[in-house]
Amino acid sequence: MNDKLTKPYDPQSTEAKIYQMWEESGFFNPDNLPHQTGKPFTIMMPPPNATGILHLGHALGLTIQDIAIRYKRMQGFKTLWLPGTDHAAIATQAKVEKEIYKKEKKSRYDLGREELLTRIADFVSASRGTIQSQIKTFGASCDWSREAFTLDEDLSLAVKTMFKKMYDDGLIYRGSRVINWDPKGATTIADDEIVYEERQAKFYTFKYSADFPIAISTTRPETKIGDVAVAVHPNDTRYQKFVGQEYKIVFCDVPLKIKIIADESVDPELGTGALGVTPAHSIIDWEIAERHHLEGLQVIDERARMLTSNKNLHGKKTTEARDIIVDWLKTENLLIKEEDITQNVSTAERTGAIIEPLPKTQWFVDVNKEFTLTENSNLTSIPKGSKTTLKKLLHQVVDSNEIDILPNHFKKTYFNWINNLRDWCISRQIWYGHRIPVWYKGAEVYCGTTPPTGSDWIQDEDVLDTWFSSGLWTFSTLGWPENTADLKTYHPTDILVTAHEILFPWVARMILMTGYGLGQIPFKKVLLTGIVRDAKGQKFSKSLGNGIDPMDIANKFGADAGRMSLIVGTAPGTDMKIDENKIKGYKHFANKIWNITRFILSNTENIKYDPNFTDFTSTDISLRQNHIQTIKDITDDMETYRFHLAAEKIYQYTWHTLADEILEASKDIFNTSDDATKNSRAQLLFQILKDTLICLHPFMPFVTEELWHLANFDQNLLLVEPWPQAND
RNA sequence: GCGCGAUUAGCUCAGUGGUAGAGCGCUUCGUUGACAUCGAAGAGGUCGGAAGUUCAAUUCUUCCAUCGCGCACCA
C-alpha cells in the first residue's frame, strides 16, 4: 500500500497536480478521446464577464456542467465542453473607465477612442487569465484548445454576418423613439438593464392654465412643458365633451398646443383620470402619441438638463426645474393637490443613475416583422420556408417542447416575457464592443461585413448591445458562418446550464438568433440554476462586496468539498444559502473515502483484484445486489439531471452502507474467517470500491482520481473509465 | 395589477398518493490499529391554515395567510 494513504487526505497538494494530469492527457478535447465513435454531447459554457473574478454562482454552474460532461464522457459520448469569456461591453468599459478616473483623473474623452480600447484590452487579457485559473481550480473538464472570446476575430465576423443578414431581411432597422437613457453612462440601455428602486415622491395635481378645462396629475411637472395632448379614457363621461378640441395655452411662460384625445390605455381611476401626454419623455406617452399622430417635443437633454425657450428654466437640472415650476403653479394658483406617494424609479443597473427617457435614433431588432424561415431549417415546430416572426419563433420552439426548460415552471415565466416583448434596442453609445457594421456617406447607407470601398464613408459610432454577440454563442464558437466540421458535429448543443436571472437577456436571445440565423435550436435543454446567496441570504454582488472567491473554498476545504456542498440538498433552480459548515462536512467525506480505500487496501494486501470473480459467499451476493441496485438508482437520477439526488445517494451509500456496515462487518471476516470467505469479501470490496469511485467521480473528481491510481485498478485515468452497466 | 416560487426537526434544506428524511447542532455511551475528520443509541416534526378529491393527502385541487422573486404600472 502506498504510504500516502497513511496520512489524512490533503486536497491542496493533490488537486492542482491532478488537473495538470488531466490536461496533459488531452481528453478534455473530444478529438483525443479513446472512444471516437461515440455520439457527440456538447455544452457551451456561459461566458463569464471579462470584468473580474468568479463568485459561487459561477462555481455552481460550472459544477453542474462538469458533472454532466464527466458523466457523459464516462458513458462513451464524444464530449465537448467549450469555455470562453464575454467582453460585456458596458460593464467592462464602465469598470475600466472608473479605474482610470480613480488613478489618473481622466475621462474617456481625454483618452480618446483608440487609447481607451487599448487600456480595456490590457485589462481584459489579465482578467481572462484569472478567470481561467479559477475555472481550473474548480475542476472543470472543458476543452481549452477551443476557448473563445466574444471579441475574437472569427466571432466578430459572425456578429457582422448576422447583423447584415438581419438588416437585409428588414429585421434590423434604424428608428427614432423614446429609449432608456443613462445620463451618467451617457448611453442607451436595454429594458432589462434597469433596476427599480422605491422612493418617496410628490404627486402634483394642477391645471396648465386658468382657462384650461381639465386638471392633470404628475410626479414630474418639469416635463409638462413638453406636453402636446391630454388623454382621457373614451368612456369617461366627465371629459367626453372635450375630446377633439385643441387649446393654445401658455404654461410657465412656454406656449403649448394641447389637444384632448381619447385613448383606451388611460386609467380613469388614477389621479384626475386625465393624462398629460409628453411623447418625448415617456415611453407610454410616445406610444399614445404615435397612435394619434402627434409630434413629440424634446425638453430635456442628454445630461438631464432642460431645453426650453423659457430662459429661466433652460440649462437647469430637471430637479431644479421641478421646484421652479411648482413655485410658479403656486403663485398662479393652479396647484390643486400635492400628495406624498411611493413610486418606483428606474435606475441604470451599471451606473445607478436615474433613467431619463429620451427620443433618440437607435438601431432596433424588429420582433414582429415577418421573415421566411431558412430552407436549411431543422426546426420541427415551424415548417422550413414558412413565414414567421421572431416573437412567434421564440414562443413556438418552447411551447412545442423542442427546447425543454427545467425546472418546468420557468416556462411560464418565459412565455410571460415573450408576450410583453418589444423591439430590441441593440445600439449602445459606448466604444468597447462590436461596432455597428454600417457606414454613411451623405444620404447613402452601406451595411456589410467589410468596409465599403471609396472615400468619405463614415462608420456608425455606436457599438452593439453585448447580448447581440452572446446570442450567437452556441454557433459563433464553432466557426459559423463557415460550415465547419465542428459546427456539423456539435450543434445544436445538448444542454445549457445558466442562472435563471438571465433567462431573458441571454437564453431567449440565443433561441432567437439561432432559430433565425441557422434554423436550429441552440440547445435541447435548459437547466436553470438558483442564485447562491451568502449566509444572510443576500445576493452576491459587486456593489455589496460580499462575493466569495471559489478559490478560497478550494484552498480551505478542497474543490471536491465545495462542489458537493453546492449540489447536495439543493433543488435545481431554487436559491440557496452557502454555509461553511456544510462545506466542512464534505471535506470530512473526502477524507472518509480516503480512509475507506486505505482500509480495503491494507486488509487485502496479498489478494489480487479479479474483475471476473463470481464465487461470492451468499452474504456477499446479497450485498453485491444491493450495491448494483444503488448504481442503477444513481444512474437513473443522472439521466434525468437530478444530480442532487444522485449525489446524496452515493454519499449515503458510501458512508453509511459501505463504511458503517460492510467495512465494520469485514473486520471480523478478515480476522477470523477461512481463505475462501476472505477472498470473496476482498473481491466484493474491490468491486464496490471501484464502482463507488466511478460514480463519485463526476461530483468529486480530484479525490476519486487520486484514489483510483493509488488503488491501481487499471492504468487508465478515471476521467475516461467507463460508467458501470448496472444490468447484472 | 398579473404571474411564479417558498412555508417540513433547534438551524440550513431535500423528498414523497401508503410508518417522515439528510447535514449541522443537541443528549448518552463507546473507541489508542481505516478515520486528528471515528462508531452506536437517542431526543426532537398534526410537513403554514382551511376545505375538497381519494380506501388513503405532507404530496393532487381550490381558497386563505406570511415571506421572497419576476413582469407591468409608476400620467
With respect to the side chain of [X], which nucleotide from [options] is positioned closest?
X: A:L645; options: B:C35, B:A14, B:A34; answer: B:A14
X: A:T413; options: B:C4, B:U37, B:A14; answer: B:C4
X: A:H409; options: B:A14, B:C35, B:C4; answer: B:C4
X: A:N416; options: B:C35, B:U37, B:C71; answer: B:C71

Are there runs of at least three consecutive Watson-Crick or G-U pairs touching RNA chain B, with each pair's two distances under 3.5 angstrom? Give them by first number. B:1-7 with B:65-71, B:10-13 with B:21-24, B:26-30 with B:38-42, B:48-52 with B:60-64
Starting from [atom2] on [N], measure out to [atom1] on [X] and report it in whole angstrom.
X: A:L663; N: B:A34; atom1: CG; atom2: P; value: 10 Å
X: A:K649; N: B:G15; atom1: NZ; atom2: C1'; value: 10 Å
X: A:R598; N: B:A36; atom1: CZ; atom2: C1'; value: 11 Å

Under the 6.0 Å and 45° cation-pi test, does A:R681 pair with A:F670?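 Not flagged: A:R681 not positioned over aromatic ring of A:F670.
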When you measure from the centre of the six-membered ring of A:W286, is the NZ or CZ of A:R177 under 6.0 Å away and within 45° of the axis? no
For A:E639, check salt bridge (charged side-chain N to carboxylate O under 4.0 Å, His left out) against everything at least two apart and list the hits.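 Once residues adjacent in sequence are excluded, A:E639 has no partner under the salt bridge (charged side-chain N to carboxylate O under 4.0 Å, His left out) criterion.
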Residue set satisfying salt bridge (charged side-chain N to carboxylate O under 4.0 Å, His left out) with A:D236, at least two apart, ordered chain then number -> A:R238
Among A:D636, A:D633, A:D637, salt bridge (Lys or Arg N to Asp or Glu O under 4.0 Å) partner for A:K649: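 That would be A:D637.
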Answer with base, sugar-phosphate or nothing: what part of the nucleic acid does [X] contact at a heavy-atom distance below 4.0 Å?
X: A:I284; value: sugar-phosphate
X: A:A231; value: nothing
X: A:R642; value: nothing
X: A:I216; value: nothing
X: A:T574; value: sugar-phosphate

Donor-acceptor contacts, no H, no angles, side chain residues 583-594 of chain A, under 3.5 Å, sequence neighbours left out:
| unit_1 | atom_1 | unit_2 | atom_2 | d |
| --- | --- | --- | --- | --- |
| A:N591 | OD1 | A:Y9 | N | 3.0 |
| A:W594 | NE1 | A:K7 | O | 2.7 |

Show the distances under 3.5 angstrom between N or O atoms of the protein and N or O atoms of nucleotides 38-41 of chain B.
| unit_1 | atom_1 | unit_2 | atom_2 | d |
| --- | --- | --- | --- | --- |
| B:C38 | O3' | A:K592 | NZ | 3.3 |
| B:G39 | OP1 | A:W655 | NE1 | 2.5 |

Checking A:D182 now: which residues fulfil side-chain hydrogen bond (donor to acceptor under 3.5 Å, both in side chains) with it, not counting sequence neighbours? A:T351
Do A:D263 and A:H233 pair up side chain to side chain, a donor and an acceptor below 3.5 Å, judged on atom types alone? no
Is any side-chain nitrogen or oxygen of A:H644 closer than 4.0 Å to OP1 or OP2 of B:G15? yes
